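Working notes, structure below.
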Amino acid sequence: QVQLVESGGGSVQAGGSLRLSCAASGRASSISAMVGWFRRAPGKERGFVAAISWSGDSTYYADSVKGRFTISRDNAKNTVYLQMNSLKPEDTAVYYCALKFGSASAARASEYAYWGQGTQVTVSS
């Protein structure tokens with residue numbers, strides 16, 4: 001069994017920064033593993049934020065966060081991070097990390113089999 005636990009959410013003012021963590025248990029590492037970050041704002045569909053292959057050789061970002069967010073991973077800790085800088089009020093959402101196997105369609109939520117419980121990010125103006 002694979003378990004994902006997000007942490008690091010909170011409340012910040014516009015222009016501030018947060019770092020989210022996604023800790024994986026259950027020996028989830030694999031050469032074909034992909035970890036993605038998604039977010040759901042009130043009244044909106046769940047949307048893609050960023051993704052990274054477990055090997056770290058491929059990263060993907062939504063256009064709305066390019067240049068502001070950075071995804072990375074620490075294989076020794078089985079943890080993926082999402083560094084969020086220059087936060088905007090429109091970034092307010094519950095953020096989820098998810099895991100799938102295979103690198104195709106990194107931005108499609110339906111392809112991810114395992115999901116964390118989510119962590120709230122609130123950005124005030």
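Sequential numbering from 1 along the given sequence is applied to the chain's residues. Being a predicted model, the structure only gives us computed values, none of them experimental. The figures here come from the full heavy-atom set of this structure, side chains too, leaving out hydrogens, waters and symmetry mates.
Closest approach of Ile71 and Val35 over heavy atoms only: CD1-O, 4.1 Å. Heavy atoms only, all atoms of each residue included: Ser125 and Ala14 are closest at CA-CB, 4.4 Å. Closest non-hydrogen pair, Gly9 versus Leu20, comes out as N-CD2, 3.6 Å. Counting all heavy atoms, side chain and backbone alike, Ala93 lies closest to Ala41 at CB-N, 3.8 Å.
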Glu111/Ser105 under side chain to side chain donor-acceptor pair (under 3.5 Å): CA gap, chis, key distance, verdict: CA-CA 8 Å; Glu111 295 192 2; Ser105 301; 3.3 Å; yes
Intermediate values then yes/no, side-chain contact (heavy atoms from CB on, under 4.5 Å), Thr119 and Val94: CA-CA 5 Å; Thr119 185; Val94 177; over 6 Å; no
Residue pair Val49, Phe69: steps toward the side-chain contact (heavy atoms from CB on, under 4.5 Å) verdict: CA-CA 9 Å; Val49 178; Phe69 292 9; 3.8 Å; yes
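With Ser21 contributing its side chain and Ser7 its backbone, the two residues share no donor-acceptor pair below 3.5 Å. A donor-acceptor pair under 3.5 Å links the side-chain atoms of Thr92 to the main chain of Val123, judged by distance alone. Checked by atom type and distance alone, the side chain of Gln117 pairs as donor or acceptor with a backbone atom of Glu6 at under 3.5 Å. A donor-acceptor pair under 3.5 Å is formed between the side chain of Arg73 and the backbone N or O of Trp54. A distance-only check finds no donor-acceptor pair linking the side chain of Arg39 to the backbone of Gly47 [under 3.5 Å]. A donor-acceptor pair under 3.5 Å is formed between the side chain of Thr79 and the backbone N or O of Lys77. Proximity of a side-chain donor or acceptor of Tyr112 to a complementary backbone N or O of Ala106 within less than 3.5 Å is detected.
In summary, the aromatic rings of Trp37 and Phe48 are positioned with their centroids too far apart to meet the 6.0 Å limit.
In this structure, Asp63 and Tyr61 have side chains that are not in contact, with every pair of non-hydrogen atoms separated by 4.5 Å or more.
Put simply, OG on Ser86 and CZ on Arg68 are 7.0 Å apart, with the number rounded to the nearest 0.5 Å. Between the CD1 atom of Ile52 and the OG atom of Ser72 there is a distance of 6.5 Å, given to the nearest 0.5 Å. Within the model, atoms CD of Glu45 and CZ of Phe38 stand 11.0 Å from one another, a figure rounded to the nearest 0.5 Å. Going from atom OG of Ser124 over to atom CG of Leu87 covers 10.5 Å, rounded to the nearest 0.5 Å. From Met84, atom CE reaches atom OG of Ser17 across 8.5 Å, with rounding to the nearest 0.5 Å. Rounding to the nearest 0.5 angstrom, the gap separating the OG1 atom in Thr70 from the CG atom in Leu82 is 8.0 Å.
For residues 76-99, no residue pair satisfies the ring pair (Phe, Tyr, Trp, His ring centres under 6.0 Å) rule, not counting sequence neighbours.
With respect to Asp91 and Lys88, no salt bridge is recorded, no charged nitrogen being found less than 4.0 Å from a carboxylate O.
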